[in-house]
Amino acid sequence: MSMQGVQKAIGGDNLFLRKATGLVRSWSVFDAFIYAFFSINLVTLGFYIFSQMWFLEGGLIPAMVISGALIFFECVVYASLIAVMPRAGGDYVWQSRIFGGLIGFVLAVTGWWFINWLWTPLYADMLRHIFFVPLLGVLGQTSLAQWFAWDNNAWMLVAVITAAFAGAIIAFGMRAYSQVQKWCFWIGNAGLLIVCVFLLLGNNQAFQAGLNAQAVKFGATAGNVYQATIDAGAAAGAVSPLWGGSIFAIFLAMPYIVFFNLWPNWGATLYGEVKGADDFKRNLYGMALALGVTTLLGVIFFVLVDKTITWDFLSKANAAYWNYRWGFTTDAPPLPFWPYPALLAMFLVDNPILQFVVLLAMSMWFFGWAATIFLSATRVIFAAAFDRLLPEKMAEVDPRTRTPLWALAAMIIPGLIVSALYVYDQFGFRSLTLASTMVIAVMYFGTTLAAVLLPYIKKDLYEASPIAKYRIAGIPLISVAGVIFGAFLLFLLFQWFIDPNGEAGLYGISYRNINSVYFMIGFYGLAVAMYFVAKMYRKNQGVDIDNVYKEIPVE
Amino acid sequence: MTGFLFPRHPSPVTFPMPLDNIQDEALRVVQTAQQQGIILRLLGGLAIRLHSPSAQHRSLARPYPDIDFATPNKQAAKIEKLFDELGYAPNKNFNLFNGDVRLLFYDEEHARQIDIFVAQFMMCHKIPITDRIGVDPLTLPLAELMLTKLQIFEMNEKDIRDVCALLLDHPIGETDDETINITRIMQLTNDDWGLWKTSMLSIGKVKRYLDTMEAEKQEHDALRARLGGLEAALQNSSKSMKWKMRDRVGEKMKWYELPEEVRRG
């Protein structure tokens, strides 16, 4: 019987014209959305970096909204590239296939792999402040909470816990991880909703009373902690507004803000494992929705904070805390812990069980996100190993546990070494916080440039792709979006590296910070050296690495 | 002592390259696996052909381009070594990312793909395979074979022919001995509304296909009777609470996955 005959016979149903047994990919578009949503994590990355911006004059909300609008074009760029080449390895594959191996390898391994070593102590710092300190304090374990809040050994211990947790999640595989992040997503958002309800229904008098009564459990001196914090913050020079500020000041806040929201594309290296990844619109919706929802959540949350806790208090509490922690004053802050907004909100109630449950739920924002530190990077390591620029061992999984042991070791061991350097502040590592973002932004710039040029350099590939039909005034959408996002990245890179505003600069990682310069030279130098050593080694084996880049890797 | 200092390797075993006849090759793979203590069972069209002479009936015959296997979870590591020895090339990239559930190998000479489902069959729906993998020495049990076909949301002609072949040669019953075990089918569909729904749709498609299928009257009658029996059993069996709750949502929510093709690059 002909195909049409069969189709008619079974009632017009479309026949499944597969050639071979199909595959249900590990992640749905919703899983990719959650990964993007957690990657621009309001509670961890957002709260953490906003707290360090107390000396900037640009309003937090306009800076968040305007940067979000510009980062939308990043979503367009990455959704397009994913649709053209939905391969594990993302930026590495795209850059190396468009620009060649040197640029692709150097930018991708520094931006996806090496820099995550520096993120390890930062993740750990967030974990101790949103999990260990608040939960132990609520339980009345004051000295233990203080140990976690201030002791470097505790911070290092948390770095080990962070690396172990992220490694374990990755070892469970993508399917298991999607379940973990889904649970964390719903529980974490339920926690945030409850915190928002408390902020909505509470008032500043109740907050002041709750703070003054309960901060003692966290090690504060009894008395008017609220007023003492405002005084300490004013003395530190807190000026950051919630709204307003000149457009120039708002843009100057962005090199900080993007520490939080530059990452809706963080799943880019994983899209070989996402269903329907060659669908541009679905990719875009996943990333852009994560960006939009997170920005909206941020606006709502801080409006509620302003209503009950007041932005003025939070900004001053942040100033008092970081001014002391950064060593600009020897006066300990009246609030002897990082001013975690969710914890402050929970001072509106005096029920420790309720506080514990809500804060535990809020900590799911960390646990659902923690694996992002290594997961995306593993795919870049695998892709480079498949191209034979890294030892093949790096793309092996342990046959019994199916864990990528070598790839994980290549992230965890250096990550813990860099954690020690950062935690114990050796070679000025603590001044490099924003370098964690700058190195990735450099890599994104390479990818953005590749996106702009794709329709012209790889014409056949582009014309055959599902994004070829999207044009603005005859110019490919991917190029238009790439130019806009590329200009934004250039602005950020200029501010970070030249940092022309203020005597000492605003971001601490400019050419004036000699530690930062050595750090950059070391990072990029190591990557360049690895590339040429691998190329020579393979040449001796009779393999010309340049030929590898003429092929698009298999799925 | 000598063995300790200079380990005695077993004498090298030579495995011939994949055979031209795909059915012979499938049997060779299963038997070699058995010799090495590896549990591997056939599924898909070739498995049905082994059980069903009717698969060679002029109305039901179809080509067999690829071979599908199933294996329990803990055997996956040994499988990779086995197929390497048998002359197959792994899809390293695919196996790295999906090896916990699927493995892919290629017989380059015959342009054949080997698909191995690990621990569970996962396509439009999930079907557990580990617990009953020992029921038949060569293939998955007939009930599971039937479900691997009925669970396909967008059936193709080959799938429909496979279902007909299975039903022509095997009665519906309550055992696994050359019988399609309805108890097992109901056990899975009574708890999984999606699998039940797609299976019912598939039964409908096969029934409509029978209207135009060339076959003897008694074959038509047997097929209709068995399909009717299967449909009635699925319809009338008692369902779990989970099934009933999902039934209330109905078709408003998508109940199946659509597997994607894996391009070889």
Side-chain angles (χ1 to χ4, degrees), chain A residues 1-28 86-89 171-176 270 272-278 378-379 382-383 385-386 392 394-404 407 551-555, chain B residues 43-44 59 65-68 73-74 76-81 91-102 104 112-113 115 117-118 122-126 152-161 201-202 204-214 257-265:
Chain A
M1 192 187 302
S2 69
M3 189 67 85
Q4 287 83 356
V6 177
Q7 205 150 329
K8 195 175 165 194
I10 64 174
D13 305 275
N14 288 327
L15 289 181
F16 194 23
L17 297 172
R18 67 186 185 279
K19 292 183 189 126
T21 313
L23 171 74
V24 178
R25 294 192 188 276
S26 308
W27 274 21
S28 66
R87 296 293 188 277
F172 290 143
M174 287 283 277
R175 284 181 177 81
L270 306 171
E273 296 152 86
V274 177
K275 288 168 199 161
D278 52 5
T378 55
R379 274 47 186 174
F382 293 159
F386 279 126
E392 277 121 358
M394 303 288 275
E396 280 181 7
V397 291
D398 175 67
R400 200 168 48 84
T401 60
R402 299 216 63 79
T403 307
E551 303 282 334
I552 293 173
V554 296
E555 284 187 78
Chain B
L43 68 145
S59 298
D66 300 323
I67 313 178
D68 296 337
N73 196 16
K74 301 217 161 129
K78 295 179 189 167
I79 295 276
E80 295 190 45
K81 187 166 167 280
N91 182 332
K92 284 187 183 175
N93 213 347
F94 179 93
N95 293 350
L96 173 70
F97 294 122
N98 303 285
D100 57 330
V101 287
R102 282 281 285 283
L104 270 188
R112 284 181 202 143
Q113 179 170 305
D115 260 284
F117 291 84
V118 180
M122 188 160 56
M123 293 271 286
C124 299
H125 299 278
K126 291 178 187 171
I152 299 170
F153 182 74
E154 293 178 324
M155 294 182 105
N156 65 19
E157 187 176 1
K158 288 189 292 186
D159 302 319
I160 294 177
R161 289 181 182 199
L201 290 173
S202 297
K205 288 172 188 171
V206 178
K207 281 167 85 175
R208 290 193 289 280
Y209 177 81
L210 292 184
D211 294 340
T212 53
M213 189 182 115
E214 293 170 25
E257 298 276 1
L258 280 182
E260 295 173 35
E261 294 253 4
V262 179
R263 285 165 290 207
R264 292 186 61 179

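Just so we're on the same page: letters track the sequence lines, and every chain starts at 1.
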In this structure, CZ of Phe97(B) is separated from CE of Met174(A) (nearest 0.5 Å) by 9.0 Å
Interface moiety of Lys92(B) toward chain A, non-hydrogen atoms closer than 4.5 Å | both
To the nearest 0.5 Å, what is the distance between CG (Leu96(B)) and CZ (Phe386(A))?
-> 4.5 Å
Exercise: identify the closest heavy-atom pair between Glu260(B) and Lys275(A) | OE2-CA, 3.0 Å
